[in-house]
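One structure below.
Remember, predicted model here, so these are calculated numbers, not experimental data. Values below: every heavy atom of this structure, side chains too, minus hydrogens, waters and symmetry copies.
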Amino acid sequence: MPYYGGYGYYGMYWDPTMILVLIGAVLSFWASAHVNGTFRKYARVRSMTGMTGAEVARQLLHSQGIYDVTVQPISGSLTDHYDPRTKTVNLSESVYNQTSVSAIGVAAHECGHAIQDNVGYVPLRLRSAFVPVANLGSKLAMPAIILGVLIGMTPFVELGIWMFVLAVLFQVITLPVEFNASARAVRLLDSLGILRGDEVGQTRKVLGAAALTYVAAVAVSLLQLLRLIILFGGRRRDD
C-alpha cells in the first residue's frame with residue numbers, strides 16, 4: 001500500500017482526515033444557505049418608513065457626524081462592503097434602492113464599519129493592518145508545504161503551516177469587527193426610529209445569519225489547519 005513521507009497520503013485508499021474537509025463543506029453550505037434564505041425572507045418585508053438602503057445609510061452616517069463617506073451602488077447581490085481606502089459604503093443592487101427590512105439591515109451594517117473607521121475602532125485597525133500578511137499567508141501556505149514535501153525539507157512545510165495560521169488569525173480578528181458593526185447598526189436603527197416594532201428583531205435575524213457565515217469561515221479554516229497539522233506536523237518526529 002503506497003505511503004508517502006509520513007504525511008497521510010494513502011494512494012487510492014481513504015484518507016481519514018478527509019472527514020474534516022467534509023465537515024467544513026457542510027458548514028460552509030449551511031451558513032451560505034441560511035444567510036441567503038434569511039435575506040430573501042425579509043427582503044419581502046417592506047419597512048414601515050419606506051426608506052431605501054441608500055437613504056438609511058446616508059441618514060445613519062450623518063447622524064454620527066460623518067459627511068466624508070460616499071454611499072454608492074455596485075453590481076451583484078450581497079456584495080455590500082465598506083472600503084476605508086476610498087471612504088465609500090458600497091451597496092448592492094438588492095440593497096441600494098430597496099425598502100425591505102433586509103436591505104436596511106445590510107446597509108446599516110456597512111455603515112457600522114464606516115462608524116468604526118471614524119472612531120478608530122481598534123479591532124478594525126488591527127484587521128486592516130493584518131490584510132497584507134493574511135493575503136501573503138493564504139497565497140503561499142500550500143505552495144510552501146507542497147514544495148517542502150517534494151524536496152523533503154521540513155522547514156518549508158513548517159513555514160507553510162505557520163503562513164496558514166496567519167490567514168486563520170485574520171478570520172478570527174474579523175469576528176469582533178463584524179459583530180460590533182451589526183450591534184452598532186441595530187442600535188442606531190432603533191434609536192433613530194428607522195425601524196419600528198417587529199422590524200428590529202427581523203433585522204437582528206438578518207444580520208445574525210450574516211454573522212454566522214464569518215463564524216463558519218473560522219470553523220472551516222480551523223478544520224483545515226487541523227488537517228494540515230495531522231498530515232504534515234509529524235514530519236520532524238518522523239525524521
Side-chain angles (χ1 to χ4, degrees), residues 7 17 20-32 34-35 69 74 76-92 106 109-150 153-185 207-233 235:
Y7 290 114
T17 65
L20 299 177
V21 176
L22 295 177
I23 293 173
V26 170
L27 280 174
S28 295
F29 176 80
W30 173 80
S32 178
H34 183 57
V35 69
V69 172
I74 56 173
S77 177
L78 295 180
T79 51
D80 314 85
H81 65 280
Y82 169 68
D83 190 337
R85 298 167 299 179
T86 58
K87 296 287 186 179
T88 55
V89 170
N90 303 280
L91 302 179
S92 65
V106 171
H109 174 86
E110 298 310 327
C111 288
H113 288 309
I115 295 169
Q116 289 174 337
D117 187 26
N118 184 63
V119 301
Y121 183 59
V122 174
L124 179 66
R125 289 188 172 182
L126 180 60
R127 185 180 72 170
S128 298
F130 213 74
V131 168
V133 177
N135 286 339
L136 184 65
S138 62
K139 290 178 181 178
L140 298 183
M142 290 311 299
I145 291 173
I146 293 173
L147 178 62
V149 172
L150 292 177
M153 292 188 64
T154 300
F156 279 100
V157 175
E158 294 177 344
L159 177 62
I161 292 177
W162 279 110
M163 285 183 171
F164 194 84
V165 168
L166 293 177
V168 174
L169 283 176
F170 173 78
Q171 293 184 322
V172 172
I173 295 170
T174 295
L175 289 180
V177 176
E178 297 299 329
F179 280 102
N180 179 266
S182 290
R184 290 174 187 268
L207 298 182
L212 284 178
T213 62
Y214 293 98
V215 175
V218 171
V220 170
S221 293
L222 288 173
L223 288 171
Q224 292 174 337
L225 177 60
L226 176 60
R227 183 170 187 257
L228 290 176
I229 293 173
I230 292 173
L231 291 176
F232 307 116
R235 173 63 176 170

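- For Lys87, the NZ atom counts as densely surrounded, since its 6.0 Å shell holds more than 12 non-hydrogen atoms of other residues, nucleotides or ligands.
- In this structure, the separation between CG on Leu228 and CH2 on Trp162 is 13.0 Å, given to the nearest 0.5 Å.
- Between Tyr121 and Ile115 there is no side-chain heavy-atom pair separated by less than 4.5 Å.
- For the atom pair CZ (Phe156) and CG (Leu140), the distance works out to 11.5 Å, reported to the nearest 0.5 Å.
- Distance check, rounded to the nearest 0.5 Å: CG of Leu225 to CD1 of Ile230 gives 10.0 Å.
- Here the CG-CG distance, from Asn180 to Leu175, works out to 12.5 Å after rounding to the nearest 0.5 Å.
- The two residues Ala167 and Ala134 have their closest heavy-atom pair at CB-O, 4.2 Å.
- Across every non-hydrogen atom of Asp117 and Pro84, the tightest pair is OD2-CB, 3.7 Å.
- Atom NE2 of His81 sits about 4.0 Å away from atom CG of Asn90, to the nearest 0.5 Å.
- The shortest distance between side-chain heavy atoms of Glu178 and His109 falls below 4.5 Å.
- By the neighbour-count criterion of 12 heavy atoms within 6.0 Å, atom CZ of Phe130 is densely surrounded, having more than that number from other residues, nucleotides or ligands.
- Taking both residues in full, the closest heavy atoms of Leu27 and Ala219 are given as CD1-CB, 3.9 Å, listed atom of the first, atom of the second, then distance.
- Proximity of a side-chain donor or acceptor of Glu110 to a complementary backbone N or O of Tyr82 within less than 3.5 Å is detected.
- Side-chain atoms of Thr213 come within 3.5 Å of backbone N or O of Ala210 as a donor-acceptor pair.
- Atom CZ in Arg227 sits 11.0 Å away from atom CG in Leu223 (nearest 0.5 Å).
- Within the 4.5 Å cutoff, no side-chain heavy atoms of Leu231 are placed close to those of Ile145.
- Scored by the ring pair (Phe, Tyr, Trp, His ring centres under 6.0 Å) test, His34 finds Trp30 as partners (sequence neighbours excluded).
- Contact annotation: the side chain of Val21 never approaches that of Thr17 to less than 4.5 Å [non-hydrogen atoms, C-beta and beyond].
- Side-chain contact between Leu222 and Gln171 is absent, with no heavy-atom pair separated by less than 4.5 Å.
- Here the closest non-hydrogen pair linking Asp80 and Leu91 is OD2-CA, 3.3 Å.
- Residues Ser221 and Val168 share a closest heavy-atom pair of CB-CG2, 3.8 Å.
- Minimum heavy-atom separation, Ser28 to Val220: OG-CG2, 3.4 Å.
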